[in-house]
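Not measured: the values here are computed from a predicted model.
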Amino acid sequence: MTHPIIKDLNTRYTAKKYDADKRISAEDMEIIKEALRLSASSINSQPWKFIIIESDEAKQRFHDTFENMHQFNQPHAKEASHTILFAHDPKFTKEKFAKRVDAEVSSGHLPADMYDMFMGAYAFADINTDEEGFNGNWTKAQVYIALGNILHTLARLGIASTPMEGVDSALIGEKFAEELEGHVVDVALAIGYHKDGEDYNHGLPKARLALEQVVETL
């Protein structure tokens with residue numbers, strides 16, 4: 001199949017070694033940021049923050065979060081051009097959702113007289129909220145929608161990426177407490193350009209189950 005979407009997905013892979021001398025352009029970073037902003041989420045909840053690590057100082061802080069575990073991902077902290085922290089809100093309240101509904105109205109997407117009706121959509125979050133106000137399992141699921149969206153965006157831009165669940169959420173929470181404002185990071189994404197001759201995963205054929213094993217049309 002030669003469709004551009006399929007080409008994107010066939011060429012996308014998880015980079016194992018980055019070229020620290022190659023940087024993503026400011027123009028491409030603006031596209032990436034806007035793609036993150038436009039990501040879908042249940043009830044347009046957007047219960048997230050995306051922290052982009054770019055400066056040497058921020059890279060060092062991220063590098064230090066691998067002190068106790070997942071050291072196999074530590075080199076990416078400094079060698080990748082950028083890293084994106086996908087942070088979810090573990091206590092997404094109805095008051096926070098109201099700000100999203102305000103944006104629905106101000107953008108022209110939602111008629112003002114439907115405001116109260118749309119607020120009722122918070123029920124989807126409410127059923128996933130415990131007695132202590134925790135709904136982090138639900139909000140964490142939303143950041144994976146954004147992650148999938150940005151993986152395809154990066155493939156279209158010809159930028160390599162490495163999704164990392166091998167991160168220390170607790171230490172990230174300490175080192176980036178000011179930026180996270182109570183959000184939690186369980187997954188990060190290193191992005192940049194692979195190191196020629198040292199990225200053993202580059203250029204290999206896809207290893208996926210056959211179409212008929214994973215897709216069924218009724």
Side-chain angles (χ1 to χ4, degrees), residues 12-24 29 32-33 35-37 39 41-42 45-93 96 125 128-130 132-151 153-154 159-195 198-202:
R12 196 220 70 77
Y13 75 104
T14 298
K16 300 300 183 180
K17 182 71 173 177
Y18 285 91
D19 188 334
D21 294 325
K22 292 184 178 180
R23 302 280 290 175
I24 299 171
M29 284 308 303
I32 292 165
K33 291 174 186 177
L36 285 167
R37 188 182 76 87
S39 295
S41 58
S42 177
S45 53
Q46 306 169 72
W48 50 40
K49 288 189 73 174
F50 305 109
I51 310 298
I52 297 177
I53 296 174
E54 179 179 71
S55 68
D56 289 342
E57 181 273 333
K59 287 183 177 185
Q60 183 63 55
R61 271 198 283 162
F62 184 52
H63 183 273
D64 292 345
T65 69
F66 292 95
E67 178 181 351
N68 299 324
M69 61 181 74
H70 306 306
Q71 284 85 5
F72 54 87
N73 278 328
Q74 191 172 39
H76 301 326
K78 291 187 176 180
E79 293 174 355
S81 174
H82 296 68
T83 297
I84 305 170
L85 305 182
F86 287 73
H88 64 276
D89 187 344
K91 292 190 175 183
F92 184 70
T93 64
K96 293 173 182 175
N128 288 286
T129 305
D130 66 19
E132 296 180 353
F134 175 82
N135 46 30
N137 294 329
W138 181 78
T139 57
K140 179 181 175 179
Q142 308 311 312
V143 303
Y144 283 89
I145 300 174
L147 177 61
N149 177 43
I150 210 65
L151 286 175
T153 301
L154 292 165
I159 296 170
S161 60
T162 307
M164 299 181 292
E165 281 190 317
V167 294
D168 189 330
S169 180
L171 262 185
I172 291 174
E174 292 178 16
K175 299 288 186 181
F176 294 90
E178 182 177 350
E179 294 87 355
L180 288 171
E181 300 178 314
H183 289 63
V184 176
V185 176
D186 286 318
V187 61
L189 183 67
I191 59 177
Y193 300 96
H194 81 278
K195 182 77 168 177
E198 297 185 37
D199 182 3
Y200 65 83
N201 211 28
H202 179 256

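- Here the side chains of His88 and Pro47 are not in contact, with every heavy-atom distance at 4.5 Å or above.
- For the pair Thr83 and Ala190, the tightest heavy-atom approach, listed with the atom from each and the gap, is OG1-CA, 4.0 Å.
- When all heavy atoms of Leu151 and Pro163 are compared, the pair lying nearest together is CD2-CG, 4.1 Å.
- One finds the NE2 atom of His194 at 11.5 Å from the OG1 atom of Thr162 (value rounded to the nearest 0.5 Å).
- The distance from atom CD of Glu79 to atom NZ of Lys195, rounded to the nearest 0.5 Å, is 8.0 Å.
- Of the possible donor and acceptor atoms, none in the side chain of Thr65 sits under 3.5 Å from a partner among the backbone N and O of Ile172.
- The two atoms that bring Leu85 and Ala188 nearest to each other are CD2-CB, 3.8 Å, heavy atoms only.
- Between Pro90 and Val184, the closest heavy-atom pair is CG-CG2, 3.9 Å.
- In summary, the side chains of Asp64 and Gln60 do present a donor paired with an acceptor at a separation below 3.5 Å, with no hydrogens or angles considered.
- By the 6.0 Å contact criterion, CG on Asn68 is enclosed, its count of non-hydrogen atoms from other residues, nucleotides or ligands being greater than 12.
- Inter-residue side-chain proximity for Gln142 and Ser42 is flagged as met; some heavy-atom pair is nearer than 4.5 Å.
- For the pair Ser41 (side chain) and Gln46 (backbone), a donor-acceptor distance under 3.5 Å is present.
- Interatomic distance, Ile150 CD1 to Ile145 CD1, rounded to the nearest 0.5 Å: 14.0 Å.
- With respect to Lys175 and Glu67, no salt bridge is recorded, no charged nitrogen being found less than 4.0 Å from a carboxylate O.
- Among all heavy-atom pairs drawn from Leu180 and Ala87, the shortest one is CD2-CB, 3.6 Å.
- Relative ring orientation between Phe86 and Phe50 is described as perpendicular, the plane-to-plane angle rising above 60° on a 0-90° scale split at 30° and 60°.
- With hydrogens and angles ignored, the 3.5 Å screen pairs no side-chain donor or acceptor of Thr129 with any backbone N or O of Phe134.
- Residue Ile53 comes nearest to Lys59 through the heavy atom pair CG2-N, 3.6 Å, listed as atom of the first residue, atom of the second, then distance.
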Yes or no on side chain to side chain contact (heavy atoms under 4.5 Å, CB included) for Asn137 and Asn128, after CA distance, side-chain angles and deciding distance?
-> CA-CA 8 Å; Asn137 294 329; Asn128 288 286; over 6 Å; no
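- Leu154 CG to Asn149 CG: the interatomic distance, rounded to the nearest 0.5 Å, is 9.5 Å.
- Other residues, nucleotides and ligands place more than 12 heavy atoms under 6.0 Å from the CD atom of Gln71.
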Could you please spell out the steps behind the ring pair (Phe, Tyr, Trp, His ring centres under 6.0 Å) verdict for Tyr193 and Tyr18?
-> CA-CA 6 Å; Tyr193 300 96; Tyr18 285 91; 8.8 Å; no
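- In this structure, the side chain of Asn73 engages the main chain of Gly166 through a donor-acceptor pair within 3.5 Å.
- For the pair His82 and Ile32, the minimum side-chain heavy-atom distance is 4.5 Å or more.
- No option in Lys49, Lys96, Lys91 other than Lys49 meets the salt bridge (Lys or Arg N to Asp or Glu O under 4.0 Å) test with Glu181.
- Relative orientation of the Phe66 and Phe62 rings is perpendicular, given thresholds of 30° and 60° on the angle between their planes.
- In this structure, OH in Tyr144 is found 13.5 Å from CH2 in Trp48, a value given to the nearest 0.5 Å.
- Put simply, the side chain of Gln74 never gets that close to the backbone of His70: no donor and acceptor are under 3.5 Å apart.
- Lys16 places a side-chain heavy atom less than 4.5 Å from the side chain of Thr14.
- At distances below 3.5 Å, at least one donor-acceptor pair connects side-chain atoms of Thr139 with backbone N or O atoms of Asp89.
- Rounded to the nearest 0.5 angstrom, Leu189 CG and Ile84 CD1 are separated by 5.0 Å.
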